[in-house]
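Only one structure is covered here, and it is reproduced in the block below.
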Amino acid sequence: MLTAVQPWPRTEEEALAEQDRLRARVVTEPGPASPATVAGLDVAYDDSGDRLGAAVVVLDATDLSVRDTAVIKGRPAFPYVPGLFAFREVPALMAALEKLTVRPDVLICDGHGLAHPRRFGLASHLGVLTDLPSFGVGKTRLIGEWEPVGEARGSRSALVDAGETIGAVLRTQDGVKPVFVSAGHRIDLDGACALTLRLARRFRLPETTRAADRICRDLLR
DNA sequence: GCGACAG
DNA sequence: ATCTTGTCGC
């Protein structure tokens, strides 16, 4: 159903070259006006860090009911290196995506997209490999600076690096620590922020992320 | 040389 | 990511 993953980089040098190659395939466009389905993706690790569980959950964008779920167990495909994080989790996430029977209209990833040293974080990577609209919602920053964000839900501040807006620091709940939203592939920042707010009615993180987090965490126990 | 550093 | 309950600060 979705693109397969080829030979995987084994060194940082190879991973950097792969990012350079794939970055050229990122498409900049507004994104789906009103997606019918939204997917959340997440990975959890066991105590040793040798095993992981990946989950993808597809929700109905209107009522948030679960339309499909796919999980897989595996091993990290790369050490954790800031800026090369995608190489660790993408193979497992792609394998889970391939098990889906419902094609999601947009992928919402745990991590960053454009808000990355080379403008190609996990969300961009998964978007390009699947050619689905994708964006990232991170809990902490990787790069970039921003001005203080208003305390009210919906307030946002531009995340800037080297004079370029690479994402948004978005408040999803009054007085609660904001999240970091950035475009991945085939969706723009405004669309990503709007969708994030719609999916985070009650909690800091979008329901997609919360659902995926719960499922892959249970998978390891 | 010293911090910073998605998950 | 994960180890971890109560406790510190406003």
Side-chain angles (χ1 to χ4, degrees), chain A residues 8-9 12 15-16 18-19 22-23 26 39-57 71-97 107-129 134-146 148 151 159-162 164-170 172 174-185 189 192-193 196 200 204-206 208-221:
Chain A
W8 208 242
E12 294 191 19
L16 289 167
E18 180 72 344
Q19 282 188 337
L22 293 176
R23 180 174 46 188
V26 170
L41 301 85
D42 195 21
V43 172
Y45 295 81
D46 72 354
D47 298 314
S48 69
D50 290 342
R51 303 283 304 176
L52 59 74
V56 184
V57 182
V71 298
I72 191 163
K73 291 181 182 176
R75 297 183 169 285
F78 207 81
Y80 172 66
V81 178
L84 298 178
F85 172 61
F87 293 94
R88 187 169 176 75
E89 298 188 344
V90 160
L93 290 170
M94 286 297 290
L97 283 164
L107 305 181
I108 303 177
C109 310
D110 229 4
H112 299 102
L114 254 187
H116 175 277
R118 291 167 296 282
R119 308 294 184 260
F120 197 74
L122 174 68
S124 314
H125 205 130
L126 286 168
V128 165
L129 292 186
S134 71
F135 64 93
V137 179
K139 297 180 285 296
T140 63
R141 78 140 218 177
L142 174 57
I143 60 163
E145 304 82 47
W146 66 97
E151 292 297 318
L159 181 64
V160 177
D161 178 62
E164 175 187 4
T165 292
I166 58 176
V169 185
L170 178 69
T172 55
D174 293 350
V176 171
K177 181 178 177 178
V179 297
F180 298 77
V181 178
S182 60
H185 179 64
L189 184 56
C193 285
T196 298
R204 177 165 91 117
L205 296 175
T208 39
T209 300
R210 290 169 47 79
D213 178 76
R214 186 186 66 69
I215 290 173
C216 64
R217 184 167 300 205
D218 289 346
L219 185 60
L220 275 71
R221 312 191 170 181

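Sequence lines set the chain letters: A, B, ... in the order given, protein chains first and strands last, and positions in each chain run from 1.
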Nearest whole Å is fine: how far is [N] [atom2] from [X] [atom1]?
| X | N | atom1 | atom2 | result |
| --- | --- | --- | --- | --- |
| Leu205(A) | dA6(B) | CG | C1' | 13 Å |
| Phe87(A) | dA1(C) | CZ | P | 21 Å |
| Leu126(A) | dG7(B) | CG | P | 14 Å |
| Lys177(A) | dA6(B) | NZ | P | 11 Å |
| Asp213(A) | dA6(B) | CG | P | 17 Å |
| Lys73(A) | dA1(C) | NZ | P | 20 Å |
| Arg118(A) | dA6(B) | CZ | P | 13 Å |
| Leu142(A) | dA1(C) | CG | P | 14 Å |

**Asked** Backbone N or O of Pro178(A) within a donor-acceptor pair of the Arg204(A) side chain at under 3.5 Å?
**Response** yes

Pick base, sugar-phosphate or nothing for [X], based on heavy-atom distances below 4.0 Å to the nucleic acid.
| X | result |
| --- | --- |
| Leu41(A) | nothing |
| Gly138(A) | sugar-phosphate |
| Gly83(A) | base |
| Arg51(A) | nothing |

**Message:** Please identify which of these residues, Arg75(A), Arg217(A), Glu89(A), meets the side-chain hydrogen bond (donor to acceptor under 3.5 Å, both in side chains) condition with Tyr45(A).
**Reply:** Glu89(A)

Looking at [options], which one has an atom nearest to any side-chain atom of [X]?
| X | options | answer |
| --- | --- | --- |
| Tyr45(A) | dC3(C), dA1(C), dA6(B) | dA1(C) |
| Ala44(A) | dG7(B), dT2(C), dA6(B) | dT2(C) |
| Asp47(A) | dG7(B), dC5(B), dC3(C) | dC3(C) |
| Arg141(A) | dC5(B), dC3(C), dA6(B) | dC5(B) |

Phosphate-side-chain proximity, [X] and [N], N/O vs OP1/OP2 below 4.0 Å:
| X | N | value |
| --- | --- | --- |
| Arg88(A) | dA1(C) | no |
| Lys139(A) | dG7(B) | yes |
| Thr140(A) | dG7(B) | yes |

**Prompt:** Any salt bridge between Arg141(A) and Asp161(A), counting N to O under 4.0 Å?
**Reply:** no

**Message:** Taking the basic N atoms (NZ, or NE/NH1/NH2) and the acidic carboxylate oxygens, is any pair closer than 4.0 Å for Arg214(A) and Asp42(A)?
**Reply:** no

**Request:** Could you tell me how the ring of Phe87(A) sits relative to the ring of His125(A): parallel (under 30°), tilted (30 to 60°) or perpendicular (over 60°)?
**Result:** perpendicular

**Request:** Evaluate whether the aromatic ring of Tyr80(A) and the six-membered ring of the dG7(B) base sit under 5.5 Å apart, centre to centre, with an inclination under 30°.
**Result:** yes

